[in-house]
Amino acid sequence: MPELPEVETVRRSLEGLVGRRVVRAEVRSPVLVRYPALAEFLTRVSGRTFTALDRRAKYLLLKLDSGDDLMVHLKMTGRLLQQAPLDPVEPHTHIILHLDDGSELRFADTRKFGGFYLIGQDREGAPPGFRRLGPEPLSEEFTPAYLRQVLGKRKGRIKSLLLNQDIIAGLGNIYADEALFRARIHPGREAASLTPAEIHHMHEVVNQVILESLALGGTSFSSYVDGKGNKGHNVENLRVYGREGQPCVECGDPIARIVIGGRSAHFCPRCQPGRTSRRRNRAVGSAAKSKRAQRRDE
DNA sequence: AAGAAGTCCTGGGCGC
DNA sequence: TGCGCCCAGGACTTCT
């Protein structure tokens with residue numbers, strides 16, 4: 001699941017694209033060209049040269065000499081790879097940009113959640129959330145004071161708010177869980193209940209988990225690889241995500257998983273104690289399954 | 001306004 | 001062995 005560190009790693013691995021010209025765009029799955037319409041997309045991309053590679057939150061911005069940005073979101077399973085024509089084309093390859101040095105920039109995405117947007121200076125056609133993105137971890141705007149201000153009165157659960165891109169841009173499920181573990185904060189806590197000290201700690205560990213993952217080339221949990229096909233090594237660094245039932249690295253108790261806001265939240269019940277109201281924290285397992293079965297029967 | 005829930009998508013895992 | 005259901009989750013839309 002590419003989050004900020006993974007997308008930044010892809011960006012760095014593709015910097016060789018700068019100066020390359022798109023000779024031809026081959027779109028096998030038109031739906032993945034999210035904006036503009038396919039014909040216009042092809043016209044505006046063909047013949048253009050990449051001038052820089054940028055990133056905003058989880059969006060990759062491939063800048064073109066026309067002034068347009070080719071915006072790519074990998075979502076869950078997207079991969080952007082620069083490969084030689086003879087390299088085997090992996091399954092689920094939906095878009096191929098043929099470049100002037102003979103190489104190909106290929107976009108593959110098993111679940112087709114990701115996509116391309118070609119955006120002009122006016123930003124028309126950009127996804128609605130793009131304009132609302134909040135500050136990123138490691139940025140100057142991301143400060144303890146900012147977090148206090150933005151979380152101070154929110155009734156939502158801290159886990160959900162960490163995933164809200166309007167509040168912090170670039171965090172996803174993995175790093176939200178990892179940061180909460182390090183801050184020793186239960187994912188189901190109401191944001192407004194966090195003390196100033198806890199928010200300060202939260203700020204510090206958010207930066208920490210992102211920085212550590214960047215140093216390791218990101219987390220290759222399922223399908224993520226960088227632009228050269230290399231996996232990241234941050235999986236070994238994960239303390240709670242994907243470790244349900246395994247012993248906590250701090251206390252040895254089993255890591256638990258609950259659902260918050262429709263997303264799994266991994267945490268250590270002993271190291272991250274919370275006012276675990278059973279009403280709010282729906283356990284994953286037989287109870288949830290029987291509830292689903294009940295819904296089906298109705 | 002804000003929070004919660006539903007939606008898209010499909011390979012892999014699991015139960016029967 | 002094989003069928004079919006469930007699950008993963010980023011960010012959107014819809015409902016409350």
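What you see is a predicted model; the values in this text were computed from it and never measured.
Under 4.0 angstrom from either OP1 or OP2 of C/dG9 there lies at least one side-chain N or O belonging to A/Tyr241. For B/dT10, the OP1/OP2 oxygens have a side-chain nitrogen or oxygen of A/Lys112 closer than 4.0 Å. Residue A/Lys58 places at least one side-chain N or O under 4.0 Å from the OP1 or OP2 atom of C/dA11. Between A/Ser264 and C/dG9, a side-chain N or O to OP1/OP2 separation shorter than 4.0 Å is present. At C/dA11, one or more side-chain N or O atoms of A/His73 fall inside 4.0 Å of OP1 or OP2 (strictly under the cut-off).
Judged by distance alone, with hydrogens and angles left aside, the side-chain atoms of A/Asp177 form a donor-acceptor pair with the main-chain N or O of A/His266 at under 3.5 Å. Between the A/Gln165 side chain and the A/Leu171 main chain, a donor and an acceptor come within less than 3.5 Å of each other.
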- Is there a side chain to side chain contact (heavy atoms under 4.5 Å, CB included) between A/Lys228 and A/Leu81 once you walk through the steps? CA-CA 6 Å; A/Lys228 303 294 180 205; A/Leu81 294 154; over 6 Å; no
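Take the nearest nucleotide of DNA chain B for A/His92 and for A/Gly261: the residue whose nucleotide is more 5' is A/Gly261. Map A/Phe113 and A/Ser160 each onto its nearest nucleotide of DNA chain B; the residue landing nearer the 5' end is A/Ser160.
Within a 6.0 Å sphere centred on NE2 of A/His201, other residues, nucleotides and ligands contribute more than 12 heavy atoms. No more than 12 heavy atoms of other residues, nucleotides or ligands shown are found within 6.0 angstrom of CD on A/Glu140.
Atom CG in A/Leu74 sits roughly 11 Å away from atom P in C/dA11 (whole-Å rounding). In this entry the distance linking CZ of A/Arg111 with P of B/dG11 reads 9 Å, nearest Å. At whole-Å resolution of the value, CZ in A/Arg56 and C1' in C/dG10 are 16 Å apart. Rounded to an integer number of Å, the gap from CD1 of A/Ile167 to P of B/dG3 is 8 Å. Atom CG of A/Asp109 and atom C1' of B/dC8 are 12 Å apart (whole Å). Distance, A/Leu163 CG to C/dA11 C1': 11 Å, rounded to whole Å. Taking atom CG on A/Asn164 and atom P on C/dG10, their separation rounds to 12 Å, with Å as the unit. The CD atom of A/Gln165 sits 17 Å away from the C1' atom of C/dT13 (whole-angstrom rounding).
In the set B/dA2, C/dG9, B/dA4, B/dA4 carries the atom at the smallest distance from any side-chain atom of A/Arg157. Of the listed nucleotides (B/dG3, C/dT13, B/dG11), B/dG11 has the atom at the smallest distance from the side chain of A/Thr110. When distances run from any side-chain atom of A/Leu161 to the nucleotides B/dG3, B/dG11, B/dA4, the shortest one goes to B/dG3. When distances run from any side-chain atom of A/Tyr59 to the nucleotides B/dG11, C/dG9, C/dA11, the shortest one goes to C/dA11.
Contact between A/Val18 and A/Ala52 at its shortest, heavy atoms only, is CG2-CA, 3.8 Å.
Counting non-hydrogen atoms under 4.0 angstrom, A/Arg34 reaches nothing in the nucleic acid. Within 4.0 Å (heavy atoms only), A/Pro2 reaches no atom of the nucleic acid at all.
Counting atom types as modelled, A/Arg263 pairs a side-chain N or O with a base atom of C/dG10 as donor and acceptor under 3.5 Å.
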